[in-house]
Amino acid sequence: MPVATVCLPTYNERENLERMLQALAPLGVNVLVIDDNSPDGTGEIADRLAGELDFVSVLHRERKEGLGPAYLAGFRRALSDGAELVLEMDCDFSHNPQDVPRLIAACEAGADLALGSRYVPGGGTENWGIVRRVISWGGSFYARVLLGLRIRDLTGGFKCYRRRVLETIDLDAIHSKGYAFQIEGTYRTVRKGFRVVEVPITFVDREHGHSKMSRAIVFEAVQKVPALRLAALAGRL
Ligand SMILES: Nc1nc2c(ncn2[C@@H]2O[C@H](COP(=O)(O)OP(=O)(O)O)[C@@H](O)[C@H]2O)c(=O)[nH]1
Ligand SMILES: [Mg+2]
């Protein structure tokens, strides 16, 4: 198996982090925890676990800036540490660690970017209220239509990038923080001609801790999608 690094951003995931690392342990992946100085002590838990588990390392950032900047810092670290595959995954068990090998397998079978997808046959969501479902599905629909993509799940955060994608797309130009970060990463990948594949997953709402989703994150995506389309039309993507 190629060297694979799971980037795991955390903000107040004290109840989830240790169980998540234990679940990832048998999979043969490296895990990079990216903690934004969580007030609940997640960063200290991560340091302790990194001392006990040799596949775990930690990137501490000074403050919470959103998922996008945390992932970008994680991608850079993973690439400089030699990862061939770089994964994104939430630390709240919404993404099933057992699905990690399926995303890796999709890249080994030829995908440059494998997306865990709720909106292809075989995928879905569990325990999500109607509001979250409408926002999520509507967000993907909006982005799919405006960007002219055939991809069904554009806002999901369970992904596996091949190294060459992250070396090709302009990471420095990405300023999105929330769902827009997921849409933008996938769109830039498509624009560079890479092969994107959707792998069906079931997304389960978290049981412990709290979502950091906010209205600002939704508005960012609403504005960013047409901006991305215009940038592409102007030849800048
Ligand atoms: N490092 C870092 N992690 C974050 C930030 N915001 C969210 N996360 C983590 O990203 C993952 C997904 O966030 P979550 O709040 O569950 O989003 P939701 O699933 O869309 O409700 C979780 O592991 C969070 O701890 C952030 O600003 N910085
Ligand atoms: Mg979540």
Side-chain angles (χ1 to χ4, degrees), residues 5-21 23-24 31-47 49-50 56-78 86-97 99-100 115-119 123-140 143 153-159 174-185 201-222:
T5 298
V6 176
C7 294
L8 201 62
T10 56
Y11 193 77
N12 290 347
E13 298 293 355
R14 176 174 70 179
E15 300 102 320
N16 292 313
L17 181 59
E18 181 156 9
R19 273 189 313 130
M20 177 54 72
L21 295 177
L24 291 168
V31 179
L32 175 61
V33 179
I34 308 145
D35 187 69
D36 282 0
N37 206 358
S38 296
D40 77 345
T42 301
E44 288 80 65
I45 297 172
D47 282 336
L49 293 165
V56 176
S57 48
V58 189
L59 180 58
H60 293 282
R61 304 179 72 250
E62 230 160 77
R63 58 179 180 276
K64 178 167 166 45
E65 290 179 303
L67 264 182
Y71 269 129
L72 290 173
F75 291 172
R76 292 194 173 96
R77 170 71 65 86
V86 180
L87 291 97
E88 295 184 12
M89 183 179 175
D90 292 357
C91 188
D92 58 0
F93 287 91
S94 286
H95 301 145
N96 185 347
D99 289 333
V100 164
L115 302 174
S117 179
R118 297 160 289 192
Y119 306 122
T125 54
E126 260 176 35
N127 310 330
W128 247 11
I130 186 77
V131 175
R132 280 299 301 257
R133 271 158 52 198
V134 167
I135 290 175
S136 172
W137 190 88
S140 278
D153 192 340
L154 284 159
T155 57
F158 197 13
K159 314 168 70 153
I174 300 178
H175 304 291
S176 309
K177 300 196 182 317
Y179 296 122
F181 176 78
Q182 306 303 355
I183 299 167
E184 181 166 3
I201 58 151
T202 300
F203 180 103
V204 185
D205 196 18
R206 64 159 77 228
E207 280 177 24
H208 303 284
H210 300 285
S211 168
K212 287 101 213 167
M213 213 258 290
S214 66
R215 233 174 266 180
I217 283 175
V218 175
F219 280 124
E220 180 199 37
V222 169

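In each ligand, atom 1 is the first atom listed, and ligand 1 is the first ligand listed.
- Heavy atoms of S94 stay at 4.0 angstrom or farther from ligand 1.
- A cation-pi arrangement is absent between K212 and Y11 under the rule of less than 6.0 angstrom and at most 45 degrees off the ring axis.
- Assignment of R132 to the shell around ligand 1 is supported, since a heavy atom sits closer than 4.0 Å.
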>> Apply side-chain contact (heavy atoms from CB on, under 4.5 Å) to residues L32 and L59 and explain how you reach the verdict.
In response: CA-CA 7 Å; L32 175 61; L59 180 58; 4.0 Å; yes

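- Using a 4.0 Å cut-off between heavy atoms, K212 contacts ligand 1 through both its backbone and its side chain.
- Nearest heavy-atom pair across H95 and D90 is ND1-N, 3.0 Å.
- With ligand atoms numbered from 1 in the order given, ligand 1 contributes 1 (N), 2 (C), 26 (C), 27 (O), 28 (N) to contacts under 4.0 Å with heavy atoms of D36.
- For atom 13 (O) of ligand 1, the closest non-hydrogen atom of the protein is R206 NH2, 4.4 Å.
- A salt bridge links E13 with R206: the closest approach of a Lys/Arg side-chain nitrogen to an acidic carboxylate oxygen falls below 4.0 angstrom.
- Excluding waters, the set of protein N, O or S atoms lying under 2.8 Å from the Mg ion (ligand 2) comprises D92 OD2.
- Looking at atom 21 (O) of ligand 1, its nearest protein heavy atom turns out to be S211 OG, 2.5 Å.
- The minimum heavy-atom distance linking M89 with M20 is given by the pair CE-SD, 3.7 Å.
- Atom 10 (O) of ligand 1 has its closest protein heavy atom at L67 CD2, 3.3 Å.
- Residue A70 has no nitrogen or oxygen atom sitting less than 3.5 Å from a nitrogen or oxygen atom of ligand 1, judged on distance alone.
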